[in-house]
Amino acid sequence: MFKSSGGERVMEIVNNILLLLIAVTMLFPFLYIFSVSFSSISDVLNSDFLLWPKDWVTDAYTYILGSDQFIRSLWVTVYVTVVGTFINLVFTSTMAYSLTRNIIGQRLILFLVLFTILFSAGMIPTYIIVKETGLLNSLWALIIPVAISPFNLIIMTQFFKGIPEELTEAALIDGANDIQIFSKVILPLSKPALAAFGLFYAVGHWNSYFSGVLYLNDPAKWPIQVILRQIVIVNEPNAALGGHAAMVEALPPPETVQMAAILLATLPILIVYPFLQKHFAKGVMLGSVKG
Amino acid sequence: MPTKRKKNSIKKKLWRDRYLLLLILPGILYFLIYRYIPMAGILLAFKDYSPFRGFADSPWVGLKYFKLIFEDAEVIQVIWNTLQISLLQIFFAFPISIVLALMLNEIRNQVYKKFLQSIVYLPHFLSWVVVVGITVIFLRSEGLINSVLVNLLEVNPIPFLTDPALFKPIVILQVIWKESGWGTILFLAALSGISPHLYEAAVIDGASRLRQMWHITLPALKSTIVILLILRLGNVMDSGFEQIFLMLNPFNMETGNVLDTYVYFKGIQQANFSFATAVGLFKGIIGLILVVLANRLAKKFGEDGLY
């Protein structure tokens with residue numbers, strides 16, 4: 001008895017140490033990137049492990065935030081995220097609600113929605129439809145083709161089904177029509193679900209990279225992730241930022257510019273993350289429990 | 001007249017549902033235009049499509065492009081890459097989520113557990129551009145890892161990003177870093193549903209923590225594991241488009257190019273629409289068959305399956 005509890009203590013300690021190591025692996029890249037982004041060129045060149053900036057140089061940030069291209073891309077992404085998420089929520093919730101009411105053709109529509117999760121037409125036919133509907137080279141191309149995630153739609157249907165039917169019936173007796181019931185009874189009761197799905201959709205928009213490459217030719221319309229790729233992965237920070245030297249005497253070292261760009265493009269996610277966290281577990285569970 | 005009455009009742013129903021129909025209209029239009037009309041566009045795979053002639057006037061060519069798929073050594077290589085990357089992910093990344101969930105489940109202090117959870121979930125919310133960007137920063141020739149290798153360990157720098165042999169391991173590690181924490185969420189939910197009485201009884205019977213894990217915890221996770229594995233197997237033809245696309249460069253094209261990126265290069269960049277559509281359709285159909293088969297398999301094992 002004594003021996004086994006000793007073994008368990010060891011197991012517990014090993015487990016704790018391993019988990020702490022895993023957590024460090026997740027956080028270390030950010031700490032490193034943060035430190036380099038605020039460091040001077042000599043510190044970057046002279047030390048291998050920069051875990052805290054020595055003299056807090058902000059040239060990289062001044063340089064990036066002085067770039068028209070970067071600011072424009074940031075605006076594009078903010079715009080697409082706000083408008084896109086709004087459209088996502090409107091399209092998804094109205095459709096989900098109708099599907100919970102005995103609407104005509106309900107089963108067929110549900111089947112067709114489910115089928116799109118299992119099979120999709122693929123990139124080329126979708127690209128052609130986006131082109132044919134005139135969205136090419138417009139920011140709507142980043143919004144309309146992903147207006148509804150069939151997965152979220154199904155989960156939201158499950159959520160609406162959980163709202164007691166008596167409420168709908170009472171409103172019907174009071175003479176409300178379905179649109180009034182939806183907007184005045186159902187939606188106010190669904191705030192937590194709307195917040196969860198809204199955040200998921202918003203993160204999706206903020207992080208989306210490829211639709212920008214696929215559908216937009218005009219660099220003025222590129223979202224932030226496309227610019228970020230050019231700055232960091234293609235390794236052309238100055239070209240991507242328009243090669244201006246606003247407010248900085250000389251160009252800051254490309255390393256610090258790259259790391260500052262990563263942090264700036266991730267900052268909104270890091271800021272909303274604490275709020276996100278409260279909701280996402282609920283959002284994921286909604287689907288998994290009833291599925 | 002029964003048919004007439006039926007017609008009337010449909011009319012009646014349509015009138016009764018008029019507000020609901022108005023609400024569902026945007027959704028229906030979305031699915032029709034952006035999900036189902038493209039499915040008709042799949043016919044491109046059976047035609048010699050040229051953008052100048054348009055869809056209707058392009059001539060039918062039957063299975064020409066599907067035959068091309070199997071005659072093209074490059075496509076075979078691409079299919080092989082896709083399957084390899086996908087299966088490696090299932091083999092390595094998937095079990096790590098289960099182990100991580102079990103480890104987190106052993107933490108008794110709830111505040112500490114929540115703290116660890118929020119850290120391991122975080123990478124899931126980063127974009128692939130950021131994750132690949134971090135990889136590039138750490139692994140490039142003058143990056144942190146190589147400078148440690150050269151200055152501290154005095155070995156030659158490793159060309160992580162251009163060595164084709166390292167493409168798959170790096171891609172798998174990225175997936176593990178980004179998604180394994182998030183992957184624990186459903187397992188942890190299943191774990192929290194286990195009745196504490198089971199553990200109490202096991203302790204009285206003298207079962208050690210490991211035995212408890214083997215006889216109580218793992219069986220409780222079984223159905224979650226099976227369902228998620230089915231989902232994953234059904235998507236075996238998908239190996240993560242944005243990630244692979246961002247990681248590809250001229251040096252690792254041969255081992256790294258997968259079906260989705262191949263379709264992009266052939267279809268969009270080289271305007272070979274019909275061939276790319278055929279490859280995409282081939283991929284979609286195999287995926288569909290795999291999901292249906294996997295679902296059947298799950299039911300055979302006595303699980304609920306997906307549908």
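Below, read A as the first sequence line, B as the second, and so on, with proteins coming before strands; counting in each chain starts at 1.
In this structure, chain B has a heavy atom under 4.5 Å from the side chain of A/L135, while its backbone stays farther away. Looking at A/V146, only its backbone comes within 4.5 Å of chain B, counting heavy atoms on both sides. If you measure heavy-atom distances from A/I109 to chain B, the contacts under 4.5 Å come from the side chain alone. Contact annotation for A/T266: only side-chain heavy atoms (C-beta onward) come within less than 4.5 Å of a heavy atom of chain B. Of the two parts of A/E12, only the side chain, counted from C-beta on, holds a non-hydrogen atom closer than 4.5 Å to a non-hydrogen atom of chain B. Neither the backbone nor the side chain of A/I87 has a heavy atom closer than 4.5 Å to any heavy atom of chain B. There is no contact between A/A265 and chain B, counting heavy-atom distances below 4.5 Å. In this structure, chain B has heavy atoms under 4.5 Å from both the backbone and the side chain of A/I103. Neither the backbone nor the side chain of B/L161 comes within less than 4.5 Å of any heavy atom of chain A. Using a 4.5 Å cut-off between heavy atoms, B/N235 does not touch chain A at all. When heavy atoms are compared at a cutoff of 4.5 Å, B/L104 approaches chain A by way of both its backbone and its side chain. Contact of A/I231 with chain B is not made at all, since no heavy-atom distance falls under 4.5 Å. Contacts of A/I128 with chain B are made by side-chain atoms alone, with heavy-atom separations under 4.5 Å and no backbone atom involved. The part of A/Y127 that comes within reach of chain B is its side chain, from C-beta onward, which places non-hydrogen atoms under 4.5 angstrom from that chain. In this structure, the portion of A/M123 lying under 4.5 Å from any heavy atom of chain B is its side chain and not its backbone. With a threshold of 4.5 angstrom between heavy atoms, A/I269 approaches chain B through side-chain atoms but not through N, CA, C or O. For A/N235, the part sitting under 4.5 Å from any heavy atom of chain B is the side chain, from C-beta outward, and nothing else. Interface remark: B/I137 contributes side-chain atoms only to the contact with chain A (heavy atom separation under 4.5 Å). At a 4.5 Å heavy-atom cutoff, B/L29 makes no contact with chain A through either its backbone or its side chain. Contacts between B/L116 and chain A at a heavy-atom distance below 4.5 Å involve the side chain alone, from C-beta outward.
Residue with the most contacts toward chain A among B/L100, B/I119, B/L22: B/I119 (heavy-atom pairs, distance under 4.5 Å). When each of B/P123, B/G280, B/G133 is checked for heavy-atom pairs under 4.5 Å with chain A, B/G133 comes out on top. By number of non-hydrogen pairs under 4.5 angstrom with chain B, the leading residue of A/I33, A/T25, A/L112 is A/L112. Looking only at heavy-atom pairs under 4.5 Å with chain A, the residue among B/S118, B/G284, B/A276, B/G27 that has the most is B/S118. With chain B as the partner, the residue from A/I22, A/V113, A/V234 showing the most heavy-atom pairs under 4.5 Å is A/V113. Taking A/F30, A/W206, A/F119 one by one and counting their heavy-atom pairs under 4.5 Å with chain B, the maximum is reached by A/F119. Between chain A and the options B/I107, B/V279, B/L122, B/I134, heavy-atom pairs under 4.5 Å are most frequent for B/L122.
There is no side-chain donor-acceptor pair under 3.5 Å between A/Q225 and A/T77.
Checked against a 6.0 Å centroid threshold, the rings of B/F241 and B/F245 count as neighbours. Remark: aromatic rings of A/Y273 and B/F125 are close, center separation under 6.0 Å.
Side chain of B/K178 to main chain of B/L126: a donor-acceptor pair is present (N/O by atom type, distance under 3.5 Å, no hydrogens or angles). Remark: the backbone N or O of A/V130 is paired with a side-chain donor or acceptor of A/T133 at under 3.5 angstrom. A distance-only check finds no donor-acceptor pair linking the side chain of B/W15 to the backbone of B/I10 [under 3.5 Å]. A donor-acceptor contact shorter than 3.5 Å is absent between the side chain of A/Y97 and the backbone of A/I179. For the pair A/S98 (side chain) and B/L20 (backbone), a donor-acceptor distance under 3.5 Å is present. Formation of a donor-acceptor pair under 3.5 Å by the A/Q180 side chain with backbone atoms of A/N177 is found in this model. Checked by atom type and distance alone, the side chain of B/N146 pairs as donor or acceptor with a backbone atom of B/R140 at under 3.5 Å.
The distance from atom CE of A/M156 to atom OG1 of A/T94, rounded to the nearest 0.5 Å, is 9.0 Å. B/Q243 contributes atom CD, which lies 3.5 Å from atom CH2 of B/W128 (distance to the nearest 0.5 angstrom).
A salt bridge is absent between A/D178 and B/R18: the closest approach of a Lys/Arg side-chain nitrogen to an acidic carboxylate oxygen does not fall below 4.0 angstrom. Of the charged side-chain nitrogens involved, none lies within less than 4.0 Å of a carboxylate oxygen, so that B/D17 and A/R101 do not count as a salt-bridged pair.
For the ring pair (Phe, Tyr, Trp, His ring centres under 6.0 Å) with B/F273, the lone residue among B/Y65, B/Y264, B/Y49 that qualifies is B/Y49.
What you find for A/I262 and A/V232 is that their closest heavy atoms are CG1-CG2, 3.8 Å.
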